[in-house]
Q: 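The structure is given below, and queries will be raised subsequently.
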There are 2 protein chains.
Amino acid sequence: LIELDSIAKRYRTGPIEVLALRDLTLTIDRGELIAIIGPSGSGKTTLLDILGCLSNPTTGRYRLDGADVSALDEEALAAIRNRMIGFVFQTFQLLPRHTALQNVALPLLYAGVGRQERERRAAEALEGVGLADRMAHHPNQLSGGQQQRVAIARALVTGPSLILADEPTGNLDSTSGREIMQLLTSLHRRGTTVILVTHNQEIADQAPRVIALRDGRIVEDRTAATV
Amino acid sequence: LIELDSIAKRYRTGPIEVLALRDLTLTIDRGELIAIIGPSGSGKTTLLDILGCLSNPTTGRYRLDGADVSALDEEALAAIRNRMIGFVFQTFQLLPRHTALQNVALPLLYAGVGRQERERRAAEALEGVGLADRMAHHPNQLSGGQQQRVAIARALVTGPSLILADEPTGNLDSTSGREIMQLLTSLHRRGTTVILVTHNQEIADQAPRVIALRDGRIVEDRTAATV
Ligand SMILES: Nc1ncnc2c1ncn2[C@@H]1O[C@H](COP(=O)(O)OP(=O)(O)OP(=O)(O)O)[C@@H](O)[C@H]1O
Ligand SMILES: Nc1ncnc2c1ncn2[C@@H]1O[C@H](COP(=O)(O)OP(=O)(O)OP(=O)(O)O)[C@@H](O)[C@H]1O
Ligand SMILES: [Mg+2]
Ligand SMILES: [Mg+2]
């Protein structure tokens with residue numbers, strides 16, 4: 001499903017220049033469940049953004065589902081993101097002037113789904129993360145962990161085939177974190193490819209494959225002997 | 001140092017009404033190190049905001065250092081916050097158009113410290129959280145954990161007597177999290193009162209006193225037998 005070939009990512013703005021990823025090569029098959037771990041600043045978010053077609057590598061090649069992503073224009077990329085990818089952002093990125101329900105329904109709006117069906121599916125996604133009683137709240141009327149769960153619900157609502165989650169349990173108590181993992185692992189069992197960035201060893205332990213980054217490189221790529 | 005007496009907090013905006021804290025009574029002595037734990041949505045941030053004079057209780061009384069906080073106007077509260085409190089926000093709340101150094105220097109600017117001294121102390125605070133090489137970056141040029149560490153440095157830069165930290169390690173790998181805890185516990189040993197909200201049991205275990213919230217109430221207030 002995913003082939004990264006000698007990927008590098010350099011950020012350059014004025015005097016600031018950072019080589020966030022260096023010569024990274026990686027293959028991921030359809031249906032895998034992978035945890036990406038590594039120190040703060042090691043390039044995890046940068047890698048996930050490239051996988052999610054949100055950011056272009058500086059050099060190297062990214063083939064997603066056989067297609068060379070760098071050859072695609074923004075419109076084609078947006079269609080791919082909407083059609084097949086669900087992304088949970090490390091900083092949530094909810095729309096402040098919209099309710100939880102409206103935020104979760106947004107990907108369905110882009111996909112052309114009618115209003116009644118959108119609201120039904122968004123409500124169902126919010127129930128799935130324990131927020132049935134917070135649907136009418138705006139983000140600033142939600143706790144940190146509730147905002148994170150809205151971001152998770154939004155990433156799942158279109159039933160994407162690839163879920164990219166950047167530290168989805170960072171603001172959650174262990175019980176809520178476990179509920180989220182149950183949600184993700186059940187989607188995985190039904191064939192969804194799930195890639196999680198996490199700082200939580202308990203979460204990483206549940207993934208059959210763990211990729212460790214350090215200073216923009218892959219330093220370890222371990223697959224559990226038996227799953 | 002801190003006396004909360006029958007504190008309640010109700011949020012009400014249009015149709016939304018939530019009783020976030022209910023009849024909460026609590027005493028905290030100068031120099032304590034306390035962890036506040038509890039499920040997502042249980043009222044931890046709401047409690048911390050009241051302790052930090054950022055939010056007024058709906059009913060009940062808050063005495064800080066002997067003074068009734070509800071009797072003070074916004075100017076007096078701002079002076080207290082600047083002079084004695086360092087606050088690490090769950091969502092960081094960095095100024096996007098300012099560098100890491102400028103963000104960390106801001107409390108010193110409010111305190112009337114001259115520019116050269118501000119920059120020296122801000123640089124020192126950033127070195128203390130491992131960000132010596134990121135001082136000129138803006139928040140959107142930093143990783144999630146780096147933004148969190150800038151927020152921590154900013155909370156410490158004035159040498160406050162009370163530190164309130166809302167999930168300070170949520171976006172940090174275990175090594176960086178441990179470094180932050182070493183920083184906070186060393187300040188505690190030198191007399192600073194430290195109150196941390198955390199979802200991380202390892203962090204909670206390092207506090208002599210742990211307060212557990214559920215549905216806006218204190219359900220447990222445990223002090224370790226020996227420290
Ligand atoms: N401005 C607001 N208007 C309405 N309800 C609010 C508002 N802010 C918070 N709430 C609600 O108050 C409750 C407590 O929120 P709080 O942010 O204190 O929780 P928390 O314990 O910090 O949770 P987390 O661990 O997820 O950060 C939540 O149920 C939340 O939905
Ligand atoms: N726009 C940018 N301009 C310059 N440098 C950047 C930019 N975005 C990120 N960086 C740098 O690139 C490096 C990798 O960032 P990234 O966000 O991928 O780290 P991360 O592994 O997700 O860290 P964390 O665990 O703290 O979230 C960091 O050192 C960061 O300072
Ligand atoms: Mg990150
Ligand atoms: Mg909170």
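Below, chains carry the letters A, B, ... as their sequence lines are ordered, and counting in each starts from 1.
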Q: Can you tell me how far CD1 of B/I2 sits from CG of B/L164, rounded to the nearest 0.5 angstrom?
A: 6.5 Å
Q: Rounded to the nearest 0.5 Å, how far does CD1 of B/I85 lie from CG of B/L54?
A: 7.5 Å
Q: With the side chain counted from C-beta on, respond yes when A/L21 and A/I50 share a heavy-atom pair under 4.5 Å apart, and no when they do not.
A: yes
Q: Going by ring-ring contact (aromatic ring centres under 6.0 Å, His included), name the residues that satisfy it together with B/F89, two or more places apart in sequence or in a different chain.
A: B/F87
Q: Look up atom CD1 in B/I37 and atom CG in B/L196, then write down how far apart they are to the nearest 0.5 Å.
A: 12.0 Å
Q: Considering non-hydrogen atoms only, spot the tightest contact between A/G60 and A/P57 and give its length.
A: O-CG, 4.3 Å
Q: For the interface with chain A, which of B/G41, B/A20, B/P15 has the highest count of heavy-atom pairs at distances below 4.5 Å?
A: B/G41
Q: Counting backbone as well as side chains, what donor-acceptor pairs lie under 3.5 Å between chain A and chain B?
A:
from: A/T13; atom 1: OG1; to: B/Q141; atom 2: NE2; distance (Å): 3.0
from: A/S40; atom 1: N; to: B/D173; atom 2: OD1; distance (Å): 2.7
from: A/S40; atom 1: OG; to: B/R149; atom 2: NH2; distance (Å): 2.8
from: A/Q90; atom 1: NE2; to: B/N171; atom 2: OD1; distance (Å): 3.0
from: A/Q141; atom 1: NE2; to: B/T13; atom 2: OG1; distance (Å): 3.0
from: A/R149; atom 1: NH2; to: B/S40; atom 2: OG; distance (Å): 2.8
from: A/N171; atom 1: O; to: B/H199; atom 2: NE2; distance (Å): 3.0
from: A/N171; atom 1: OD1; to: B/Q90; atom 2: NE2; distance (Å): 3.0
from: A/D173; atom 1: N; to: B/H199; atom 2: ND1; distance (Å): 3.3
from: A/D173; atom 1: OD1; to: B/S40; atom 2: N; distance (Å): 2.7
from: A/H199; atom 1: ND1; to: B/D173; atom 2: N; distance (Å): 3.3
from: A/H199; atom 1: NE2; to: B/N171; atom 2: O; distance (Å): 3.0

